[in-house]
Number of protein chains: 2
Amino acid sequence: MTNNSNKPVSAVPKLEDVARAAGVSTATVSRCLNTPDRVSRKTIKRVMDAIDSLGYSPNYSARALAAGRTNTIGAIIPTMENAIFARGIQAFQEELQKNGCTLLVASSSYRQDLEEEQIKTLTARGADALLLIGFQRDPHLYEFLEKRKIPFVLTWACKPSHEQLFVGFDNRKAMKELAARVISLGHRSLGCISAETATNDRASERVEGICAAMQDAGLDPGSLRIVETTYSIENGEKAFHQLLTGDNAPTAVLCGNDVLAIGALRGAAALNLRVPQDVAITGFDDIELASVAPIPLTTVHVPHRRMGQLAARVLIDALNDVPASSVELPTEVCLRKTL
Amino acid sequence: MTNNSNKPVSAVPKLEDVARAAGVSTATVSRCLNTPDRVSRKTIKRVMDAIDSLGYSPNYSARALAAGRTNTIGAIIPTMENAIFARGIQAFQEELQKNGCTLLVASSSYRQDLEEEQIKTLTARGADALLLIGFQRDPHLYEFLEKRKIPFVLTWACKPSHEQLFVGFDNRKAMKELAARVISLGHRSLGCISAETATNDRASERVEGICAAMQDAGLDPGSLRIVETTYSIENGEKAFHQLLTGDNAPTAVLCGNDVLAIGALRGAAALNLRVPQDVAITGFDDIELASVAPIPLTTVHVPHRRMGQLAARVLIDALNDVPASSVELPTEVCLRKTL
DNA sequence: AACAAAAATGTAAGCGCTTACATTTTTGTT
DNA sequence: AACAAAAATGTAAGCGCTTACATTTTTGTT
């Protein structure tokens with residue numbers, strides 16, 4: 001056979017080339033790479049020298065196909081533009097890297113249909129395991145993952161009663177604690193700016209937390225004025241304006257996250273309202289923006305980095321058949337100047 | 001052969017199962033998936049029905065091995081925690097997704113040795129192409145990528161004279177324009193807080209830009225006081241303190257990015273200095289933080305999203321042998337309140 | 001020194017696709 | 001209706017690894 005393809009003369013070396021150069025079988029080269037303790041020192045040295053001099057590096061597609069494992073883990077998040085996800089995913093990726101795994105990323109833009117598509121895509125691409133945000137999704141997706149035996153971890157939320165593996169925090173409890181604080185300061189008329197609750201369980205749990213705190217304080221949860229919007233400073237400002245210029249404006253506005261709260265803060269300035277004297281504002285997440293805002297934001301601190309790191313560990317354990325268990329991370333109310 | 005492995009009875013269906021169910025050859029199924037215009041309508045329908053009813057999805061490792069293409073593109077960035085990279089990468093990923101490609105992410109923590117390792121890892125994992133930040137790296141890495149014929153695009157910087165493909169902006173020019181503005185306002189004593197310039201060409205080009213503006217204005221570039229640190233609000237604050245409490249403190253401090261500038265702003269507050277009356281401060285990047293800072297930050301706007309999107313397109317073109325060309329994106333000085 | 005057990009190595013099949021080439025079927029032209 | 005060209009389909013090799021099983025070599029014991 002002549003050089004039939006347009007393959008360059010100095011083609012990428014493969015395992016077979018290493019084997020030939022080192023004078024061993026391909027099996028031995030493979031073992032040097034994967035289970036070196038089953039190869040003699042002398043052979044390892046010879047093989048490693050051959051690898052170095054040829055500049056060999058294994059083809060992971062072939063490896064994945066043969067071994068049935070890609071050492072690749074997928075993460076599907078709403079968007080990397082939200083600092084909390086960027087942070088958590090950065091920590092997740094660092095931890096994976098330490099364990100020889102690579103991260104595959106996809107984003108769903110907070111849309112369930114896109115998330116489903118991504119789950120299918122990433123598993124087809126051979127993701128050994130998956131990081132997902134929240135619990136809320138079509139049950140058949142859980143069946144799909146279980147049938148395929150693909151471990152997954154749910155993050156940014158927690159449901160101790162469910163059997164699914166999670167590394168998260170209790171959105172309801174965290175927000176309830178903050179709301180109780182707000183109420184204890186005398187606020188009776190509450191408003192809330194939230195992300196769309198229908199498809200975002202973190203958002204709906206936070207709203208529930210507010211209602212629970214009102215209930216406990218003898219206030220009617222039905223009196224909570226809620227505006228739903230999507231996460232952005234601008235939308236936060238608009239929603240705030242809507243809330244404060246309507247009938248009996250609230251004296252405190254609890255926001256679903258810090259970005260919305262920053263928008264609310266801007267809205268207050270536009271309406272010439274003093275914060276917190278005229279209106280109290282709170283956030284959620286404790287991103288960098290929060291402490292740097294014109295008026296440092298009262299918010300809930302969430303350990304995003306730690307969550308990402310632990311999620312990686314849990315997944316790696318699961319892949320190595322080490323029994324992994326869910327973890328609920330603590331959150332903390334951060335009192336600053338807007339309450 | 002009995003059911004020798006511990007493989008479940010309902011194993012994941014493969015292409016062969018689809019072929020059998022549809023009564024066609026495996027080649028035809030493959031063609032339905034990859035080049036449907038070479039298959040008759042009737043057959044496509046039959047095959048698609050089989051795919052649906054079996055819940056088949058192709059194994060990408062096998063596909064990649066057979067086709068010699070993974071449809072996976074790698075990005076190696078310093079860190080996702082910096083909003084500018086998170087933004088750019090989000091746009092990059094969205095554009096890839098539209099074109100059927102998946103994103104593989106690795107981070108280098110601003111370290112060249114780690115970046116090199118990641119380049120090796122991602123290419124071994126079969127990344128068809130790579131997005132890299134800046135131009136500065138060991139030349140043998142460029143040789144490596146060229147030898148392997150892996151297209152790559154350099155971003156967040158530009159060097160029209162070089163042959164390498166880039167989608168970026170001129171850091172030097174952008175910063176020079178801002179510095180000229182600062183000088184035109186009467187500032188003669190300048191300070192600068194920069195990232196480490198030795199291994200970060202974006203940082204060193206920005207410093208060069210300041211020097212060039214000073215030169216043009218008849219100021220001695222040697223008089224520029226420079227503090228190098230790593231990107232964080234806290235380090236920005238420290239560096240600012242160091243600059244302002246030293247001998248002949250500058251009247252204007254140009255920061256290498258917005259995060260450092262926010263730190264400087266905080267440092268000014270701590271020293272009871274009014275901004276801009278006592279000291280002017282500028283940033284770079286125009287991240288969300290900039291306009292929301294206690295005193296809205298004068299900075300340089302960089303089109304991060306557009307950069308990410310165009311980088312994806314350029315890479316996809318290169319992969320399809322469409323001749324792709326570099327693009328220099330414009331930046332814009334954003335005058336707000338700190339100058 | 002002889003032997004059994006353990007360690008190291010080799011042989012070759014198989015992972016699930018794609019695609020060059022061969023063959024069959026359909027379409028269009030006269 | 002007969003034929004050539006075009007379209008559709010099939011056959012089977014091959015992508016670059018891993019790993020079960022077989023064989024050879026080394027180690028340790030008496």
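When reading the values below, keep in mind they use all heavy atoms of this one structure, side chains included, and skip hydrogens, waters and symmetry mates. Every chain is numbered from 1, with letters handed out A, B, ... down the list of sequences. Here the structure is a predicted model, which means the values were calculated and not measured.
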Between [options], spot the one nearest the side chain of [X], thanks.
| X | options | value |
| --- | --- | --- |
| A/Thr26 | D/dT9, D/dG10, D/dT18 | D/dT18 |
| A/Arg63 | D/dT11, C/dC17, D/dT18 | D/dT18 |
| B/Ala66 | C/dG16, D/dT18, D/dG10 | C/dG16 |

Below 4.0 angstrom, which residues in residues 40-56 of chain A have at least one non-hydrogen atom near DNA chain C? A/Ser40, A/Thr43
Think [X] has a side-chain N or O under 4.0 angstrom from the OP1 or OP2 of [N]?
| X | N | value |
| --- | --- | --- |
| A/Asn34 | D/dT18 | yes |
| B/Thr28 | D/dG10 | yes |
| A/Arg38 | C/dA8 | no |

Does NZ or CZ of B/Lys147 come closer than 6.0 Å to the centre of the six-membered ring of B/Tyr142, within 45° of the ring's axis?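 No - B/Lys147 does not lie over the ring of B/Tyr142 by the 6.0 Å and 45° rule.
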From [atom1] of [X] over to [atom2] of [N], roughly how many Å is that when rounded to an integer?
| X | N | atom1 | atom2 | result |
| --- | --- | --- | --- | --- |
| A/Asn59 | C/dG16 | CG | C1' | 14 Å |
| A/Leu65 | C/dA13 | CG | P | 17 Å |
| B/Leu33 | C/dG16 | CG | C1' | 13 Å |
| B/Leu15 | C/dT19 | CG | P | 12 Å |
| A/Arg20 | C/dG10 | CZ | C1' | 16 Å |
| B/Asp37 | D/dA7 | CG | P | 11 Å |
| B/Glu16 | D/dT11 | CD | P | 12 Å |
| A/Arg69 | D/dG16 | CZ | P | 24 Å |

Look at the rings of B/His304 and B/Trp156 and say which category their plane angle falls in: under 30° parallel, 30 to 60° tilted, over 60° perpendicular.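 Rings of B/His304 and B/Trp156: parallel, under 30°.
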Does the side chain to side chain contact (heavy atoms under 4.5 Å, CB included) test come out yes or no for B/Ile89 and B/Ile77, once each step is laid out? CA-CA 9 Å; B/Ile89 292 300; B/Ile77 57 175; 3.7 Å; yes
Please determine, for [N], whether a Watson-Crick or G-U wobble partner exists with both distances under 3.5 Å, and give it or none.
| N | answer |
| --- | --- |
| C/dA6 | D/dT25 |
| C/dC15 | D/dG16 |
| C/dT30 | D/dA1 |

Assuming nearest nucleotide by heavy-atom distance, tell me which of B/Ala62 and B/Arg31 is located more 5' along DNA chain C. B/Ala62
Between B/Glu16 and B/Arg20 (salt bridge meaning N to carboxylate O under 4.0 Å), is one present in this structure?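 Judged by the 4.0 Å cut-off on N to carboxylate O distance, B/Glu16 and B/Arg20 do form a salt bridge.
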Would you tabulate the side-chain donor-acceptor contacts of residues 316-324 of chain B under 3.5 Å, counting partners in other chains and residues two or more places apart, or write 'none'?
residue, atom, partner, partner atom, Å
B/Asn320, OD1, B/Arg69, NH2, 3.1
B/Asn320, ND2, B/Ile316, O, 3.2

For the residue pair B/Leu103 and B/Gly74, what are the closest heavy atoms and their distance?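 For B/Leu103 versus B/Gly74, the nearest heavy atoms are CD1-C, 4.5 Å.
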So do the side chains of B/Val314 and B/Leu165 get within less than 4.5 Å of each other, counting heavy atoms only?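 Of all side-chain heavy-atom pairs linking B/Leu165 with B/Val314, at least one is under 4.5 Å.
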Using a cut-off of 4.0 Å on non-hydrogen atoms, how would the nucleic acid contact of B/Ala27 be classed: base, sugar-phosphate, or nothing? base
Identified side-chain contact (heavy atoms from CB on, under 4.5 Å) partner of B/Val39 from the options B/Val47, B/Ile44, B/Asn34: B/Ile44
